[in-house]
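Contents: one structure, followed by commentary.
For the numbers below, each heavy atom of this structure counts, side chains included, while hydrogens, waters and symmetry mates do not. Within every chain, numbering begins at 1; the chains are lettered A, B, ... in the order of the sequence lines, protein sequences first and strands thereafter. None of these values were measured; they are calculated from a predicted model.
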Number of protein chains: 2
Amino acid sequence: METAWEIARSDGLAALTLRAVAERIGMRSPSLYSHFDSKNAIYDAMFAEGWADLRSLTDRTLRRASVPRRMLLQLAELFFDFATDDLARYQLMNQRTIPDFQPSEQGYAESLAAYDGMRSWLRDAGVTHATDLDLWTALLGGFVDQQLANDPGGDRWRRQLVRLVDMYCTEVGVPGPQLRRTR
Amino acid sequence: METAWEIARSDGLAALTLRAVAERIGMRSPSLYSHFDSKNAIYDAMFAEGWADLRSLTDRTLRRASVPRRMLLQLAELFFDFATDDLARYQLMNQRTIPDFQPSEQGYAESLAAYDGMRSWLRDAGVTHATDLDLWTALLGGFVDQQLANDPGGDRWRRQLVRLVDMYCTEVGVPGPQLRRTR
DNA sequence: GTCTATATTCTGATAGAC
DNA sequence: GTCTATCAGAATATAGAC
C-alpha cells in the first residue's frame with residue numbers, strides 16, 4: 001500500500017501498475033495476488049484508506065465547543081490541506097479518474113462515514129439543512145480543485161479560506177463576528 | 001475528432017485509444033498519423049476545441065447591459081450546463097486526469113482566451129479584483145464537480161446556482177436586489 | 001492518404017512448482 | 001507466500017508499398 005501511494009503520487013494515479021509496485025518492494029508482480037484479488041482491489045483499499053485517514057485526522061484535530069466560525073474555519077483548513085497535500089489521493093477519493101474503478105461496498109461505507117463526521121461538525125455549528133451541507137462541500141471542493149489545478153504547491157486559494165468561511169457563515173446564518181476584517 | 005469525443009464520453013477519457021477511434025470510422029489506426037502526430041496531439045486538439053466551444057457559446061448566448069446579477073446568473077448557468085454536459089470534456093479541460101498530457105502552447109492559449117472572455121463579463125458586472133475572480137472560478141468549479149461526482153444527470157447543485165450567485169454578488173459588492181426570495 | 005506488416009513494450013492475470 | 005513461466009491482449013508508433 002505504501003508503495004502504491006508513492007507511485008500514484010509521483011507518476012499519476014493511472015500510472016500505477018502491479019509490476020511497478022512489486023519491483024519497488026523487491027517482489028514479482030504475481031506475488032501481489034496473494035494479498036489483493038486484482039488491481040482494482042488495490043485502488044479500492046487506497047480509496048478506503050484515504051477516507052479513513054481523513055476521518056481520523058478530523059477526529060484527532062478538531063475540538064468541539066469552540067466559536068462556531070472558528071471551528072468551521074478549522075474544518076475547512078483541515079480538509080483543504082489534506083486534499084491538496086496529495087493530488088492522486090484526491091482524484092481517487094473524489095473524482096472518477098480511473099475508468100473501471102468503482103469503490104466496493106466497504107470503501108463506499110468509509111466515505112459515507114467520513115461524510116457523516118463532517119456533518120456532525122457542521123451540526124455543532126448550527127448547520128443542518130441538506131442544501132447548506134451541499135453548499136459547504138461544493139465550496140470546499142471548488143477551492144481544492146482550483147488550488148490543485150492552477151496553483152499546485154502554492155496558496156492562491158488557500159489564503160482565501162477565511163473569506164470563504166465568513167461568506168458561508170453569513171449565507172447559512174452561523175452567528176458570530178466576521179473572522180476577517182478586510183478584503 | 002467527433003469519434004474521439006464519443007469514445008471519451010462513453011468509455012472515459014483514459015479509455016480513448018487510436019485503434020478504437022480508427023475502427024469506428026472504418027480506418028486502421030496507423031492512418032490516423034496522417035492527421036495527428038501522436039495520441040496526445042488528439043487530446044490537445046480536444047482540449048483546444050473544448051475551450052473554443054465554451055468561448056463561442058458564451059459570446060453567442062450572453063447579452064451585455066442587462067442587470068449585473070442576472071447576467072452573472074446567466075454566465076454561471078451557461079458554464080455549469082456546459083461543464084456538466086460532458087464529464088470527459090470537463091476532466092480534460094480542468095483536471096489533470098491523463099498523466100502524460102500537457103496542453104500545447106496553442107491549446108493553453110485557447111484556455112486563456114476563454115478565461116479572458118469570462119473576465120470581461122465579470123468586469124461588466126463590476127468585478128475586477130483578482131481575488132474576486134479566483135473566488136468565482138472556485139465557486140463555479142466546485143458546483144460542477146459536486147454535480148458530476150455525486151449527482152450525475154441530476155440537479156442537486158444546479159438548482160442552488162441562484163443562491164450561489166446571490167451569495168457571491170453580496171460578497172464582492174455587486175449591486176442590485178437578491179434574485180431569490182427564500183432558501 | 002490509406003494500407004499491411006511489424007516493432008516494441010507494457011498490461012493484468014493465471015498455472016503450477018517449491 | 002513467493003517464485004518462474006507464460007498467456008492473451010492491448011497500446012503507441014514506424015516502415016514502406018500502393
Side-chain angles (χ1 to χ4, degrees), chain A residues 1-50 87-89 91-93 95-108, chain B residues 1-50 87-89 91-93 95-108:
Chain A
M1 292 291 292
E2 254 178 75
T3 306
W5 281 117
E6 286 170 15
I7 293 170
R9 261 193 295 271
S10 66
D11 300 339
L13 194 58
L16 181 68
T17 67
L18 298 177
R19 286 176 127 81
V21 173
E23 194 178 351
R24 282 216 206 179
I25 55 180
M27 289 178 73
R28 307 292 179 165
S29 53
S31 305
L32 298 178
Y33 284 87
S34 296
H35 305 272
F36 297 94
D37 286 342
S38 69
K39 186 189 173 182
N40 270 352
I42 298 182
Y43 279 133
D44 195 48
M46 294 167 79
F47 180 90
E49 191 174 285
L87 169 63
R89 182 175 61 187
Q91 288 181 331
L92 180 61
M93 290 169 65
Q95 296 166 349
R96 310 219 150 269
T97 302
I98 308 296
D100 291 336
F101 171 67
Q102 234 182 318
S104 64
E105 222 169 303
Q106 287 180 350
Y108 187 59
Chain B
M1 291 290 293
E2 255 179 74
T3 306
W5 281 117
E6 285 170 19
I7 293 170
R9 261 193 295 270
S10 67
D11 300 340
L13 193 60
L16 181 68
T17 67
L18 298 176
R19 286 174 126 80
V21 173
E23 195 179 349
R24 284 214 206 181
I25 55 179
M27 290 177 74
R28 306 293 179 163
S29 52
S31 306
L32 299 179
Y33 284 88
S34 296
H35 306 273
F36 297 94
D37 286 343
S38 69
K39 186 187 174 183
N40 269 353
I42 298 182
Y43 279 132
D44 195 47
M46 296 168 78
F47 180 89
E49 191 174 286
L87 169 61
R89 183 176 60 187
Q91 288 181 331
L92 180 61
M93 290 168 66
Q95 294 165 353
R96 310 218 150 270
T97 302
I98 308 297
D100 290 337
F101 170 68
Q102 233 181 318
S104 65
E105 223 170 303
Q106 286 179 350
Y108 187 59

Can you check the [X] [atom1] to [N] [atom2] distance for me, whole Å?
{"X": "A/Met27", "N": "D/dT4", "atom1": "CE", "atom2": "P", "value": "11 Å"}
{"X": "B/Tyr43", "N": "D/dA11", "atom1": "OH", "atom2": "P", "value": "11 Å"}
{"X": "A/Asp37", "N": "D/dG1", "atom1": "CG", "atom2": "P", "value": "13 Å"}
{"X": "B/Glu23", "N": "D/dA11", "atom1": "CD", "atom2": "P", "value": "10 Å"}
{"X": "A/Tyr33", "N": "C/dA15", "atom1": "OH", "atom2": "P", "value": "12 Å"}
{"X": "A/Leu32", "N": "D/dT2", "atom1": "CG", "atom2": "C1'", "value": "10 Å"}
{"X": "B/Phe36", "N": "C/dG1", "atom1": "CZ", "atom2": "P", "value": "12 Å"}
{"X": "B/Ile25", "N": "C/dG1", "atom1": "CD1", "atom2": "P", "value": "13 Å"}

Check every strand shown and say whether [X] touches a base, only sugar-phosphate, or nothing at a heavy-atom separation below 4.0 Å.
{"X": "A/Ser31", "value": "base"}
{"X": "B/Ser29", "value": "nothing"}
{"X": "B/Ile42", "value": "nothing"}

Answer yes or no: are there more than 12 heavy-atom neighbours, outside B/Phe36 itself, under 6.0 Å from its atom CZ?
->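 It does: B/Phe36 CZ has more than 12 such atoms within range.
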
Step through the shown structure and confirm whether more than 12 heavy atoms of other residues, nucleotides or ligands are within 6.0 Å of CZ on A/Arg24.
->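 It does: A/Arg24 CZ has more than 12 such atoms within range.
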
Measure from the side-chain heavy atoms of [X] and tell me the nearest of [options].
{"X": "B/His35", "options": "C/dA13, C/dG1, C/dC3", "value": "C/dG1"}
{"X": "A/Thr17", "options": "D/dT4, D/dT12, C/dG12", "value": "C/dG12"}
{"X": "B/Arg19", "options": "C/dG12, C/dT4, D/dA11", "value": "D/dA11"}

Whether the side chain of [X] engages the backbone of [Y] through a donor-acceptor N/O pair (distance < 3.5 Å, no angle test) should be reported.
{"X": "A/Asp44", "Y": "A/Pro103", "answer": "no"}
{"X": "B/Ser31", "Y": "B/Met27", "answer": "no"}
{"X": "B/Gln91", "Y": "A/Arg96", "answer": "yes"}

Does OP1 or OP2 of C/dT4 have a side-chain N or O of B/Arg28 closer than 4.0 Å?
->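 Yes, because at least one side-chain N or O of B/Arg28 sits under 4.0 Å from OP1 or OP2 of C/dT4.
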
Any B/Ser34 side-chain nitrogen or oxygen under 4.0 Å from OP1 or OP2 of C/dT2 |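 No, outside the criterion.
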
